[in-house]
Amino acid sequence: MTDRSIDIQSLPQETEIPVRQSFRVPVSSKSNILAVLQEQTFSVANVSGSGIAILADSCLVFEEGQILEDAQLWLGTTHLTGLTGKVIHCSVQTSGQLYFGIEWQDMAKDDFDRMSEILRTIKTQALTDNGLPGDDA
């Protein structure tokens, strides 16, 4: 085939393409990871150093852009308190479940370090559960 079937065009310089800064780690039901937001407890679907996705029954629970102060995150036996999150989106998954994306705002370095350590453990467990070698392999 000598003719190009799809023309590739460069993007204008002012176009911003969103790039994920940190990767999400899926949370299994046995991980015991919960978020307390505005005095309501939510199951966490995935977690990263920059935020979480929570499961919800309705997209009316929060509004996009809403700031959630004094949030709590239970990562197994570790309890992070006084967190501030920003609602980034509400989306419907293929399973029909509703997810809210919450991005942490101005997280203290100590909390971030504690979360990073726990994320390594969760990531290793998720890989092992799926028959893949963890970080130690």
Side-chain angles (χ1 to χ4, degrees):
M1 178 182 221
T2 58
D3 293 328
R4 295 189 320 194
S5 59
I6 299 174
D7 290 332
I8 298 175
Q9 298 178 353
S10 59
L11 294 171
Q13 292 296 329
E14 63 273 1
T15 301
E16 283 190 35
I17 298 173
V19 177
R20 183 168 299 285
Q21 298 291 320
S22 57
F23 293 95
R24 299 176 186 165
V25 179
V27 173
S28 72
S29 58
K30 60 186 172 188
S31 296
N32 195 25
I33 298 179
L34 300 170
V36 180
L37 307 165
Q38 293 190 329
E39 301 179 11
Q40 297 180 66
T41 302
F42 297 91
S43 295
V44 175
N46 60 56
V47 61
S48 73
S50 61
I52 57 175
I54 60 168
L55 301 171
D57 295 328
S58 167
C59 270
L60 301 176
V61 176
F62 302 114
E63 294 179 20
E64 186 175 335
Q66 183 177 352
I67 301 298
L68 307 171
E69 295 182 346
D70 200 28
Q72 301 175 42
L73 185 61
W74 285 92
L75 299 159
T77 58
T78 301
H79 186 203
L80 303 177
T81 61
L83 302 173
T84 300
K86 179 179 180 180
V87 178
I88 301 301
H89 67 84
C90 179
S91 59
V92 179
Q93 303 304 301
T94 55
S95 64
Q97 292 181 302
L98 300 173
Y99 281 19
F100 274 98
I102 311 293
E103 181 180 79
W104 300 124
Q105 306 288 298
D106 303 319
M107 181 181 280
K109 183 179 179 340
D110 184 49
D111 286 340
F112 182 82
D113 291 345
R114 290 170 58 202
M115 183 180 297
S116 295
E117 181 62 35
I118 292 164
L119 286 175
R120 277 191 286 281
T121 302
I122 296 168
K123 177 182 168 192
T124 299
Q125 184 62 49
L127 291 171
T128 303
D129 288 350
N130 288 297
L132 301 170
D135 285 343
D136 299 335

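For this chain, numbers begin at 1 and follow the sequence in order. Just so it is clear, the structure is predicted and the values come from calculations on it, not from any experiment. Side chains included, hydrogens not; waters and symmetry mates left out as well; all remaining heavy atoms used.
How far CG of D113 is from CG of D111: 9.0 Å, rounded to the nearest 0.5 Å. Note that CD of E69 is 13.0 Å distant from NZ of K86, once rounded to the nearest 0.5 Å. Taking OG of S48 as the reference point, atom CH2 of W104 lies at 9.5 Å (rounded to 0.5 Å). For the atom pair CD1 of I118 and CD1 of I33, the computed distance is 8.0 Å after rounding to the nearest 0.5 Å. L68 contributes atom CG, which lies 12.0 Å from atom CD of E103 (distance to the nearest 0.5 angstrom). Here the CD1 atom belonging to I52 is positioned 10.5 Å from the OG atom belonging to S43, to the nearest 0.5 angstrom.
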For a salt bridge (charged side-chain N to carboxylate O under 4.0 Å, His left out) check, start with the C-alpha distance between E117 and R114, then their side-chain angles and the critical distance, and finish with the verdict. CA-CA 5 Å; E117 181 62 35; R114 290 170 58 202; over 6 Å; no
Mind running side-chain contact (heavy atoms from CB on, under 4.5 Å) on M115 and M107 for me, showing each step along the way? CA-CA 10 Å; M115 183 180 297; M107 181 181 280; 3.5 Å; yes
Step by step, would you call T84 with I67 a side-chain contact (heavy atoms from CB on, under 4.5 Å)? CA-CA 7 Å; T84 300; I67 301 298; 3.7 Å; yes
Under the criterion ring-ring contact (aromatic ring centres under 6.0 Å, His included), I'd like the reasoning laid out for F62 against F42: C-alpha separation, chi angles, the key distance, then a yes or no. CA-CA 12 Å; F62 302 114; F42 297 91; 5.6 Å; yes
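Closest non-hydrogen pair, A53 versus Y99, comes out as CB-CD2, 4.1 Å.
The disulfide bond (SG atoms under 2.5 Å apart) contacts involving residues 45-100 comprise C59-C90, where partners must be two or more places apart or lie in separate chains.
Residue I54 is tested with V47, V61, L37, L98 for a side chain to side chain contact (heavy atoms under 4.5 Å, CB included); the sole match is L37. Partner of L73 under the side chain to side chain contact (heavy atoms under 4.5 Å, CB included) criterion, out of V44, L34, V36: V44 alone.
The closest side-chain heavy-atom distance from I88 to I102 is not below 4.5 Å.
D110 CG: more than 12 foreign heavy atoms inside a 6.0 Å radius.
Residues forming a side chain to side chain donor-acceptor pair (under 3.5 Å) with E64 (at least two apart in sequence, or on another chain): none. Annotation: side-chain contact (heavy atoms from CB on, under 4.5 Å) contacts of D70 (sequence neighbours excluded): none.
Each of V87 and L55 belongs to its own hydrophobic cluster when Ile, Leu, Val, Met, Phe, Trp and Tyr are linked at side-chain heavy-atom distances under 4.5 angstrom.
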